[in-house]
Amino acid sequence: MASNNRNVTLTGLARRFVDDGLLDEDIAKNAFIQASENRIPLITYLTQNDLADSSKLAFSAAMEFGISVLDLESFLPEMMPEKSVDEKLIRKHTALPLYKRGNRLFIAVSDPTNIQALDEIKFNTGLSTDAVLVDDAKLRAAIDKYLESQDSSMGDLDDADLDGVETEGSDDEDDSAVPTAEVDDAPIVKYVNKILLDAIRGGASDIHFEPYEKTYRVRYRTDGILKEVSRPSIKLAPKISARVKIMAQLDISERRVPQDGRIKMKLSKTKAIDFRVNTLPTLWGEKIVLRILDPSQAKLGIDVLGYEEDQKQLYLEALEQPQGMILVTGPTGSGKTVSLYTGLNILNTNERNISTAEDPAEINLEGINQVNVNTKVGLGFAEALRAFLRQDPDVIMVGEIRDLETANIAIKAAQTGHLVLSTLHTNSAAETLTRMMNMGVPSFNIATSVSLIIAQRLGRRLCSCKQPADVPKDVLLAEGFTQEQIDTGFTLFRPKGCDKCSGGYKGRVGIYEVVKITDELASMIMEEASSIQIAKKAQAEGFRTLRQSALMKVIQGVTSLEEANRVTKD
């Protein structure tokens, strides 16, 4: 696709790469424009889009800046200083601490112009920093491996470790209701442990145990897609069900009603994984679904969630306000919890009193007062909120606004000097506002309390094995790309597939619609405008829809057009 880059003058690294014969001049100009627009280093853009050999780029950059270059594959990991640099800084700057000599810390970077990384690491560690240039692709792989090893990962566990894994159930239930019987069947115990461990290894978010008339299957949801991984004999269904229920401290004799529980799986002295467990009676037995709760997701930082820069700033500005309401909306499994906890992590300081009411609390955070609502004993969201308001709160998080009573108390808190975060199950930001009106919340209260709405989805990230896709211009226009975007020029990519990914995709990225309630939108809310009218006004004020954000991820090469169509549509 032709790019309007005639007015671009190449300097610095871009000019060096062209002079060294690594890039064609037009490709270099287009890459320079795209990297600048996406706010990522030129070397990273070239590597991620397979426009040049990453090792040759490293040597060329080293010659340009007179910096030594290192092959990370020949570097011994045991030389790396443990926990010398905070994980957030490593992720933010794509910089890896290599070794320490006296008070000097040598940092591996792929972009020699990234002076900010060295300065920020120097400020946080109190050590002098020196840059060592490395291959961009190898650096990213080394960072993942380094951080994984720092977290005492269970990736090295094999089948011999299965018997040593400890599990314990939730402490929420009355101990007298917990059965003391155990399924005395070592193969079943080992099988269930292996299913759980393999799910964690494979990065799954959910595990489904499903009985049918003549078959029984186990499926993992990985990157949002369900995939069958095992098909044990249907005769084992009762034993598997009983084993999981015992691990979650549920009543194994009760098979007629759904039950909720929790499993804590201790993999080592420092590593444990939580599972949220739900059972459901079906025609042929109990279907059991386990949601894997990964605390590290809430600590990744806002920079890696997928927000565009302007969207991220809107979220951070809303978090800085002393009062108001931030609503996160989307279907189950769209990453709402991670977005909320990321915000809570930013707010979690010694100066703030933060309380949350959840059903149940998915991620445990030190310094935050978390409450599990329990309707059986009369502790619902509304009751928890009333108690919070008597506990001198600064920040309140409500797991979900389900009814008018909860909505009214949350709004009252937002109007009286508290910052309130919560979720709703709607499809867009505009529909969130009309949903609250339909609940019976007065439009004036909505307009004066809600400050920001984030609607979101999760799309699969393309693996580095991705390949260019040729899509006709008329198809691009029909899909929603603007004429300006097409004229500027970009490369679409499609999944290919390799031994490191699943069908050409690896991991997921957030796709967001972030709408700040401006004075004009507040006026429309008080006039009880429809969701269609509010959505049009939000777009007119420059707020991107979910579809527009998804197409931006396609332009950036983060995901494919097929995946954007799967998770969003007009």
Side-chain angles (χ1 to χ4, degrees), residues 167-183 192-193 195-196 199-200 204-211 218-221 226 237-266 272-295 297-298 331-338 340-341 356-365 370-385 397-403 406 422-425:
T167 59
E168 59 183 53
S170 169
D171 294 328
D172 297 338
E173 301 295 333
D174 183 1
D175 289 341
S176 62
V178 178
T180 57
E182 179 61 87
V183 177
V192 172
N193 283 353
I195 288 292
L196 270 55
I200 300 168
S205 60
D206 301 86
I207 309 170
H208 293 241
F209 294 91
E210 301 171 311
V218 181
R219 293 190 291 172
Y220 294 160
R221 186 180 294 279
L226 278 169
K239 290 186 176 182
I240 293 173
S241 175
R243 174 58 188 163
V244 175
K245 288 167 75 174
I246 284 173
M247 294 170 73
Q249 292 192 0
L250 301 177
D251 185 352
I252 62 173
S253 64
E254 180 56 79
R255 303 183 184 91
R256 299 165 299 174
V257 296
Q259 296 186 68
D260 290 295
R262 197 179 183 102
I263 297 172
K264 180 181 286 291
M265 196 170 198
K266 295 180 181 178
I273 296 289
D274 286 342
F275 299 83
R276 192 177 71 197
V277 183
N278 176 265
T279 70
L280 178 69
T282 68
L283 283 177
W284 310 108
E286 288 181 292
K287 174 176 178 177
I288 301 178
V289 176
L290 281 70
R291 167 66 57 89
I292 301 173
L293 308 176
D294 187 358
Q297 291 295 312
T332 302
S334 60
K336 299 189 298 296
T337 300
V338 172
L340 283 177
Y341 273 99
T356 73
E358 304 167 71
D359 185 21
E362 294 192 6
I363 300 171
N364 298 328
L365 285 180
Q370 297 172 275
V371 175
N372 274 333
V373 300
N374 187 344
T375 54
K376 292 180 182 178
V377 298
L379 178 60
F381 284 118
E383 289 76 16
L385 271 173
M397 196 269 270
V398 189
E400 183 183 349
I401 294 178
R402 296 176 179 172
D403 52 49
T406 304
S422 190
T423 70
L424 277 171
H425 283 89

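A quick note: this is a predicted structure, and the numbers were derived from the prediction, not measured.
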With Thr279 via side chain to side chain donor-acceptor pair (under 3.5 Å) - residues at least two apart: none
Gap separating the CG atom of Asp206 from the CZ atom of Arg276, nearest 0.5 angstrom: 8.5 Å
Sequence neighbours excluded, which residues qualify as side-chain contact (heavy atoms from CB on, under 4.5 Å) partners of Glu210? His208, Tyr212, Arg217, Arg219, Lys287
Who are the side chain to side chain donor-acceptor pair (under 3.5 Å) partners of Ser205, not counting sequence neighbours? none
Before you tell me yes or no, could you show the steps for Asp251 and Gln259 under side-chain contact (heavy atoms from CB on, under 4.5 Å), namely the whole-Å CA-CA distance, both residues' side-chain angles and the distance that decides it to 0.1 Å? CA-CA 8 Å; Asp251 185 352; Gln259 296 186 68; 3.7 Å; yes
Between Glu286 and Lys245, does any NZ, NE, NH1 or NH2 come within less than 4.0 Å of an OD or OE carboxylate oxygen? yes
Check: Gly380 main-chain N/O paired with Glu383 side-chain donor or acceptor under 3.5 Å: yes
Answer yes or no: is there a donor N or O on one side and an acceptor on the other, between the side chain of Thr282 and the main chain of Gly285, under 3.5 Å? yes
Quick one: list whatever passes salt bridge (charged side-chain N to carboxylate O under 4.0 Å, His left out) with Arg402, sequence neighbours left out. Asp359, Glu400
Could you tell me whether the side chain of Val244 reaches within less than 4.5 Å of the side chain of Val277, counting heavy atoms only? yes
If you compare all heavy atoms of Ala384 against all heavy atoms of Leu379, which two are closest, and at what distance to 0.1 Å? N-CD1, 4.0 Å
Partners passing side-chain contact (heavy atoms from CB on, under 4.5 Å) against Ala237 (at least two apart in sequence or in another chain): Tyr216, Ile234
Taking the side chain from Gln249 and the backbone from Gly261, do they hold a donor-acceptor pair closer than 3.5 Å? no
Apply side-chain contact (heavy atoms from CB on, under 4.5 Å) to residues Ile240 and Val218 and explain how you reach the verdict. CA-CA 11 Å; Ile240 293 173; Val218 181; 5.8 Å; no
Between Ala361 and Asn372, which heavy-atom pair has the shortest distance, and what is it? N-OD1, 2.6 Å
Backbone N or O of Lys336 within a donor-acceptor pair of the Tyr341 side chain at under 3.5 Å? no
Do the non-hydrogen side-chain atoms of Met247 and Val192 ever get within less than 4.5 Å of each other? yes
Any donor-acceptor N/O pair, Asn278 side chain to Val289 backbone, under 3.5 Å: no
Could you tell me if the side chain of Ile195 sits less than 4.5 Å from the side chain of Tyr220, heavy atoms only? yes
For Ile263, run the side chain to side chain contact (heavy atoms under 4.5 Å, CB included) check against Leu290, Asp274, Leu293 and tell me which one passes. Leu290
With side-chain contact (heavy atoms from CB on, under 4.5 Å) as the criterion, how do Asn193 and Met265 come out once you've worked through the C-alpha distance, each side chain's angles and the decisive distance to 0.1 Å? CA-CA 9 Å; Asn193 283 353; Met265 196 170 198; 4.0 Å; yes
Residues Pro258 and Leu280: closest non-hydrogen pair is CG-CD1, 4.2 Å
For Thr423 and Ile401, run side-chain contact (heavy atoms from CB on, under 4.5 Å): C-alpha distance rounded to whole Å, both residues' side-chain angles, the deciding distance at 0.1 Å, then the answer. CA-CA 6 Å; Thr423 70; Ile401 294 178; over 6 Å; no
Closest heavy-atom contact between Ala204 and Ile292? O-CD1, 3.3 Å
Which pair of heavy atoms, one from Ile252 and one from Ala242, lies closest together, and at what distance? CG2-O, 3.8 Å
Under the side-chain contact (heavy atoms from CB on, under 4.5 Å) test, residues paired with Thr332 that sit two or more places apart: Arg291, His425
